Protein chains: 2
Amino acid sequence: MTARARKATPPRETARSREGARSPGRRPGESRTREAILAAARAAFAEAGYDRATIRGIAADAGVDPALILHYFRSKERLFEAALELAVRPADVFARAAAAGPDQLGAIVVRTFLEAWQPPETRVRLLAMFRSAMTNETAMGRIRDLLVREVFGPITETLGVPDAQLRATLVGSQLLGLAIIRFVGRIEPLASASIEELVSAIGPTAQRYLTGDLGSAAQEERQATGSPAR
Amino acid sequence: MTARARKATPPRETARSREGARSPGRRPGESRTREAILAAARAAFAEAGYDRATIRGIAADAGVDPALILHYFRSKERLFEAALELAVRPADVFARAAAAGPDQLGAIVVRTFLEAWQPPETRVRLLAMFRSAMTNETAMGRIRDLLVREVFGPITETLGVPDAQLRATLVGSQLLGLAIIRFVGRIEPLASASIEELVSAIGPTAQRYLTGDLGSAAQEERQATGSPAR
DNA sequence: TGTAGAACTCAACAGACGTTGAGTTCTATC
DNA sequence: GATAGAACTCAACGTCTGTTGAGTTCTACA
């Protein structure tokens with residue numbers, strides 16, 4: 001009980017109205033409780049990651065009994081999966097990428113990625129995903145899908161360049177690292193650099209990964225059957 | 001108790017010799033128990049991250065009572081700090097960087113970074129650090145120090161280029177993302193690409209971040225007092 | 001109007017967790 | 001050879017965890 005992520009949680013009390021317990025049973029009118037739970041869950045996962053976020057804490061934030069969460073979602077893991085849904089709409093990237101020439105792809109990818117973090121709803125989902133990915137298979141799998149299946153994989157394959165998957169993961173590695181330093185670690189000066197600044201610094205990197213020359217070693221190895229050395 | 005990171009832990013038993021308890025009290029001869037604990041701790045933190053790794057599990061792996069760990073290290077957090085010490089020897093980078101021309105700096109930085117992951121002792125420490133960094137201040141602080149104070153900060157400052165800190169964090173972001181995709185997420189084809197391949201793909205990126213032109217937006221903003229938009 | 005079932009709460013479970021204090025056995029120093 | 005203290009184990013503490021089952025109140029449909 002040294003350093004817990006929960007706020008100052010007085011012994012019990014949760015969300016009861018001043019004195020006496022909230023009565024059990026269904027509430028009159030239509031219920032938006034499920035959404036409240038999901039919002040609280042996303043906030044908790046974003047702040048603390050999968051391991052440190054607790055069902056009890058989420059329940060308290062949503063003003064609800066912990067058991068109700070499991071009534072809806074059956075387990076913490078499934079709650080997490082539900083909370084992560086629709087973290088990113090790949091359509092945005094494609095639309096903007098298609099509208100511009102292929103030589104501006106790098107800048108557009110970086111800008112779209114950074115702008116995706118601006119709306120609080122998206123930001124909270126992405127933070128939850130990233131904070132949890134190091135120790136949670138679901139979150140890491142989600143990142144992998146975004147990179148190789150949903151976003152950058154399709155982009156590089158559409159481009160018709162060789163080494164599509166390698167290019168996709170290279171772009172992904174740069175954006176992943178950027179996001180962690182900027183939004184999770186909040187390390188300066190990257191944390192408070194403007195989007196313009198980052199686009200002009202990192203855009204060319206993404207551009208090269210997407211369409212450029214990846215160097216002789218990469219070329220050779222891709223043509224060979226197995227990979228030497230390591 | 002859905003998905004724990006611990007192995008198959010039969011109720012008790014830890015490391016007792018078949019039957020009966022191991023007797024208490026000091027063991028004869030010189031003790032290397034402290035080192036055994038640290039090794040087990042590093043392995044656990046590398047596998048599961050700070051939150052999921054447990055003192056009890058580490059104690060079992062080291063063949064020792066949990067209380068002994070706290071006798072040595074006073075708390076889980078301090079155990080973690082001790083386990084992370086000497087994760088990287090910055091001297092390696094400097095020596096190799098000094099030996100080559102400034103136009104090969106990018107390739108050298110990438111290669112040195114990747115090679116640092118090869119020895120199991122270093123690998124396990126770095127994995128522990130990265131796996132824990134998303135939810136643990138100590139680990140993230142350690143990463144920040146490596147980036148801006150111990151390794152890349154000094155390098156960029158020695159180069160005499162403008163925007164030293166920005167360049168340092170940019171290189172750091174690329175290497176951080178690379179390490180997470182390759183060593184934590186093990187996402188292909190990046191996970192099993194050869195070092196040569198990665199050096200020729202990512203080296204130019206690092207080179208540009210270190211000594212190249214970061215683009216007009218970056219230049220302008222660095223000369224102005226405050227940063228606009230955001 | 002009756003009834004199935006959804007939406008809720010309560011109380012408890014069993015097990016984990018970090019940490020503590022007291023006790024035992026050895027080593028080093030005088 | 002006595003003594004301080006380091007190196008260890010044991011048993012327990014208090015708290016927190018995800019999850020369960022039973023009970024209550026409402027809604028929707030026949």
Side-chain angles (χ1 to χ4, degrees), chain A residues 1-7 9-17 20-37 41 44-45 48-60 62-80 136, chain B residues 1-17 20-37 41 44-45 48-60 62-80:
Chain A
M1 208 267 296
T2 35
R4 279 269 145 253
R6 292 277 78 237
K7 303 170 186 171
T9 307
R12 280 281 95 185
E13 200 60 24
T14 54
R16 303 170 171 194
S17 50
R22 197 163 352 158
S23 65
R26 185 170 186 158
R27 308 276 175 272
E30 66 178 317
S31 166
R32 232 153 286 165
T33 311
R34 203 190 141 95
E35 287 68 37
I37 291 175
F45 288 132
Y50 182 83
D51 298 318
R52 291 174 112 96
T54 72
I55 291 194
R56 286 170 147 89
I58 293 167
V64 132
D65 190 276
L68 185 60
I69 296 187
L70 291 141
H71 167 68
Y72 276 128
F73 300 97
R74 320 196 58 83
S75 76
K76 185 185 181 184
E77 182 65 33
R78 301 229 212 174
L79 203 218
F80 183 62
N136 182 283
Chain B
M1 208 263 299
T2 36
R4 278 270 146 251
R6 290 278 81 237
K7 301 170 189 172
T9 307
R12 279 282 97 184
E13 200 61 22
T14 53
R16 302 169 172 195
S17 51
R22 188 140 31 134
S23 63
R26 183 171 189 158
R27 308 275 174 273
E30 68 179 314
S31 165
R32 234 152 285 167
T33 311
R34 201 190 144 96
E35 287 68 36
I37 292 175
F45 288 133
Y50 182 83
D51 298 318
R52 291 173 112 97
T54 72
I55 290 193
R56 286 169 146 91
I58 293 166
V64 133
D65 191 275
L68 184 60
I69 297 187
L70 291 140
H71 166 69
Y72 277 128
F73 299 99
R74 320 196 58 81
S75 75
K76 185 184 181 184
E77 182 65 33
R78 300 228 213 175
L79 203 217
F80 183 63

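Computed from a predicted structure; not experimentally measured. Quick note on labels: first sequence line is chain A, next is B, and so on, each numbered from 1.
- If you take CZ of A:Phe73 and P of D:dT19, they are 13 Å apart, rounded to a whole angstrom.
- The aromatic rings of A:Phe80 and A:Phe45 sit perpendicular, their planes meeting at an angle over 60°, well past the 30° parallel limit.
- For the pair B:Asp65 CG and D:dA11 C1', the computed distance is 10 Å after rounding to whole Å.
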Got a list of protein N/O to nucleotides 3-5 of chain D N/O distances below 3.5 Å?
none

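- Atoms CG (B:Leu70) and P (C:dA22) sit 16 Å apart, rounded to a whole Å.
- Comparing the helix axis at one end of the helix from C:dT1-D:dA30 to C:dC30-D:dG1 with that at the other, each defined from 5 consecutive pairs, gives an inter-axis angle of 10° (nearest 10°).
- Distances shorter than 4.0 Å separate none of the side-chain N or O atoms of B:Thr33 from OP1 or OP2 on D:dA7.
- Nearest-nucleotide positions on DNA chain C place A:His71 closer to the 5' end than the other of A:His71 and A:Ala67.
- Atom pair A:Leu68:CG and C:dA7:P shows a separation of 9 Å (rounding to whole Å applied).
- For A:Asp65, the side chain to side chain donor-acceptor pair (under 3.5 Å) criterion is met by no residue, not counting sequence neighbours.
- Whole-Å rounding puts the B:Arg56 CZ to D:dC13 C1' distance at 11 Å.
- Taking atom CD1 of B:Ile37 as the reference point, atom C1' of D:dT9 lies 13 Å away to the nearest angstrom.
- The shortest distance between the side-chain N/O atoms of B:Tyr72 and the OP1/OP2 oxygens of D:dC8 is below 4.0 Å.
- Here the P atom of nucleotide C:dC8 and the CD atom of A:Glu35 are 10 Å apart, to the nearest Å.
- Put simply, CZ on A:Arg52 is 11 Å from P on C:dG18, counting in whole angstrom units.
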